[in-house]
Amino acid sequence: MPELAEVDYFRKQWNPGLGHRIDEVLIHPKARVFRGTDAARLIRALTGALLERSEARGKQMLFVAREKTRRANDRAWLGLHLGMTGELRVEPPDFSPARHDHLVLRQAARALVFQDARLFGRVLFAESATAPAWWAKLPPDLLSVSFTVKTLADFLRRRARAPIKAVLLMQERFPGIGNWMADEILWRAAIHPRQPAGSLDAPAIRALYREIRAVCRNALRVIGTDWSEPPDTWLFNHRWKKGSACPRTGAKLMHAAIGGRTTCWSPARQKLVT
DNA sequence: TCCTATGTTGTATG
DNA sequence: ACATACAACATAGG
C-alpha cells in the first residue's frame, strides 16, 4: 500500500508519541519483519527511552530515541519499512497486540503500533552517536536540489534497455516512487511505460523530470497530509478499475504487466516511439 | 479454487 | 562487474 506520501502519512500517525517515554516494548520476535535485526537488543534499548523525533526518506522511516543509560550523544535508531501492507497507528495504552501487530511501543498515554499482515516490511535497529549506514546512505530526496535533470538523464542512460516503468521503481534513484506513482508520472509526461529508458530524447527527459517532482509534491500535499482523496484529474482514481476512461482524453485505459507489475496507461496520449 | 495486491530481494542469465 | 528478468516471500480479499 505505502509509497512516498502514504509512508509520510503513517510516520505522522506516531507524532502523539514524540517527546514521551517508552515504558514497554512488545514484539512478535519470530515475525519476518525482524529478519537481520537483533530484536532482544531493540527491546533492551527502547524500554525506558525517550522518543525524540522521526523522519521519512522515500519509503523508509526513522524514529530516534534517547536512552537513559547511555552516553549523552548516543541514540537508539529505529528504522521501519512498511513493505506492501504495513501501517502505523495509535491505540490506547492498555491495548493488546493482535496477530499482525508485530511491534508495539507502549507509553503512559498511548500505544504506538506497527502492523504488517504480509510481512514484507522490515524493522531496522542501531545504537550509535551518528545515524547508521542504512539511513545515512539513502539516495537524495526527489524534491531536493540534488535531484537534477542530469542526475535523471545519467541514470536513464545506465538503464538504457529496461522499460521506463521498471526504471522508475528503482529505489536507489527514485526513493518513494511505487507502482501508482510511476504510472501517474508517465501518464502526465505522455511517455509509454514500455519505452526503453535509454530511448527518451531531451524534451521527454525534461518532461519526465518535471512530472516526477509534480507527482511527489502533489501526493505529499493531498495524501501525505490527511489521506485526502485525490481529485479526478489524476490517473489515480481511474487506474484500478478495468474499462475506465483516461481523464484527459476520454479514451479507454490499458492494463498490462510491465516490469513485473500491473501497469495502467492511456494509449491515446502515451505512444511508443522508435 | 484461482487471481490479485501501492514492495523488495536473491538468483539466474546475458 | 553490470544490467535485466523473474520467482519467492506471506496473507487477505474478490
Side-chain angles (χ1 to χ4, degrees), chain A residues 1-11 13 28-37 56-61 79-88 97-103 114-124 134-135 137-139 142 154-188 193-199 212 215-216 218-220 222-224 227-230 234-244 253 255-265:
Chain A
M1 177 167 11
E3 302 180 21
L4 181 77
E6 293 91 343
V7 168
D8 205 40
Y9 172 82
F10 283 125
R11 176 187 66 83
Q13 296 309 107
H28 294 157
K30 298 178 77 177
R32 210 178 91 101
V33 292
F34 292 102
R35 60 197 181 279
T37 292
R57 300 252 294 257
K59 297 174 188 171
Q60 181 70 45
M61 288 176 289
L80 295 179
H81 192 292
L82 297 172
M84 196 84 101
T85 51
E87 299 182 20
L88 300 191
R99 182 178 174 207
H100 298 311
D101 301 328
H102 305 299
L103 172 67
F114 167 52
Q115 69 175 79
D116 184 4
R118 286 177 74 180
L119 297 165
F120 293 170
R122 187 187 279 268
V123 178
L124 298 170
W134 50 257
W135 180 259
K137 289 190 191 314
L138 289 174
L142 295 173
D154 289 349
F155 192 74
L156 298 185
R157 208 173 306 122
R158 281 210 295 131
R159 307 292 178 164
R161 297 167 67 93
I164 185 63
K165 166 65 186 275
V167 173
L168 282 178
L169 294 175
M170 296 178 180
Q171 300 299 296
E172 71 212 72
R173 180 47 67 201
F174 305 109
I177 292 185
N179 206 28
W180 81 254
M181 288 181 77
D183 285 358
E184 193 81 34
I185 289 162
L186 292 172
W187 173 74
R188 288 181 56 134
R194 273 196 229 276
Q195 192 71 41
S199 71
I212 287 170
V215 169
C216 287
N218 291 341
L220 285 169
V222 174
I223 299 170
W227 207 279
S228 294
E229 176 87 353
W234 296 18
L235 180 63
F236 187 94
N237 288 345
H238 313 273
R239 54 163 287 132
W240 314 105
K241 33 193 188 297
K242 300 210 165 164
S244 53
L253 294 170
H255 295 83
I258 301 176
R261 309 297 300 279
T262 296
T263 300
C264 172
W265 75 97

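Note on naming: letters A, B, ... go to the chains in the order of the sequence lines (proteins, then strands), and numbering restarts at 1 for each one.
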Give the dot-bracket string for DNA chain B, reading 5' to 3', where a pair is Watson-Crick or G-U wobble with both distances under 3.5 Å, ( ) marks pairs inside the strand, [ ] marks pairs crossing earlier ones, | marks a partner on another strand, and . marks unpaired. .||||.||||||||

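Of the inter-residue distances, the one linking H100(A) atom NE2 with F114(A) atom CZ reads 12.0 Å to the nearest 0.5 angstrom. Note that SG of C264(A) is 6.0 Å distant from CG of D183(A), once rounded to the nearest 0.5 Å. One finds the CG atom of D8(A) at 11.5 Å from the CD1 atom of I223(A) (value rounded to the nearest 0.5 Å). To the nearest 0.5 Å, atom CD1 of residue I212(A) and atom CZ of residue F174(A) are 5.0 Å apart.
Listed by chain and number, the residues in a side chain to side chain donor-acceptor pair (under 3.5 Å) with S228(A) are D226(A) (sequence neighbours excluded). The side-chain contact (heavy atoms from CB on, under 4.5 Å) test applied to A256(A) returns R194(A), W265(A), not counting sequence neighbours. With sequence neighbours left out, S199(A) forms a side chain to side chain donor-acceptor pair (under 3.5 Å) with Q195(A).
Taking atom CD1 on I164(A) and atom C1' on dT4(C), their separation rounds to 15 Å, with Å as the unit. Here dC9(C) presents its C1' atom at 13 Å from NE2 of H102(A), a figure rounded to the nearest Å. Rounded to whole Å, atom C1' of dG7(B) lies 14 Å from atom CD of E172(A). For the pair K59(A) NZ and dG7(B) P, the computed distance is 4 Å after rounding to whole Å. When rounded to the nearest whole Å, the span between NZ of K165(A) and C1' of dT4(C) equals 17 Å. Atom NE2 in H255(A) sits about 13 Å away from atom C1' in dA5(B), given to the nearest Å. If you take CZ of F120(A) and C1' of dA5(B), they are 9 Å apart, rounded to a whole angstrom. Rounded to whole Å, atom P of dC9(C) lies 9 Å from atom CZ of R32(A).
Here the nucleotide nearest the side chain of A162(A), chosen from dA5(B), dT8(B), dA5(C), is dA5(C). Each of dG7(B), dA5(C), dA3(C) was ranked by its minimum atom distance to the side chain of E3(A); first place goes to dG7(B).
Within the nucleic acid shown, P163(A) comes within 4.0 Å of sugar-phosphate atoms alone, with no base atom in reach, counting heavy atoms only. If you check every strand for non-hydrogen atoms under 4.0 Å, G178(A) touches sugar and phosphate atoms only. Among the protein residues, A160(A) comes within range of the sugar-phosphate backbone only, with heavy atoms under 4.0 Å from sugar or phosphate atoms but none that close to a base. As judged by a 4.0 angstrom heavy-atom cut-off over every strand, T85(A) is placed among residues making no nucleic acid contact. Within the 4.0 angstrom heavy-atom criterion, only backbone atoms of the sugar-phosphate kind lie near R161(A); the bases stay farther away.
Between W187(A) and F236(A), a ring centre-to-centre spacing not shorter than 6.0 Å is recorded.
Nearer to the 5' terminus of DNA chain B, by closest-nucleotide assignment, is the contact made by W240(A) (compared with the other of R35(A) and W240(A)).
A cation-pi arrangement is not found for R239(A) relative to W180(A), the charged atom failing to lie both closer than 6.0 Å to the ring centre and inside a 45° cone about the ring normal.
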Sort me out a list of protein N/O and nucleotides 11-14 of chain C N/O pairs below 3.5 Å, or just none if empty.
from: dA12(C); atom 1: OP1; to: R99(A); atom 2: NH1; distance (Å): 2.9
from: dA12(C); atom 1: OP1; to: H100(A); atom 2: NE2; distance (Å): 2.9
from: dA12(C); atom 1: OP2; to: R99(A); atom 2: NH1; distance (Å): 3.4

Distances under 3.5 Å between protein N/O atoms and the N/O atoms of nucleotides 10-14 of chain B, please, pair by pair.
none

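The P atoms of dT11(B) and dA10(C) are separated by 15 Å, rounded to the nearest whole Å.
Without hydrogens or angle criteria, R35(A) side chain to R122(A) main chain gives no donor-acceptor distance under 3.5 Å. A donor-acceptor pair is defined here as one N or O able to donate and one able to accept, closer than 3.5 Å; no such pair exists between the side chain of T85(A) and the backbone of G83(A). Here the side chain of Q171(A) pairs a donor or acceptor atom with the backbone of I177(A) at under 3.5 angstrom.
Dashed line: the shortest gap from a side-chain N or O of Q171(A) to OP1 or OP2 of dG7(B) is not under 4.0 Å.
Other residues, nucleotides and ligands contribute more than 12 heavy atoms inside 6.0 Å of the NZ atom of K241(A).
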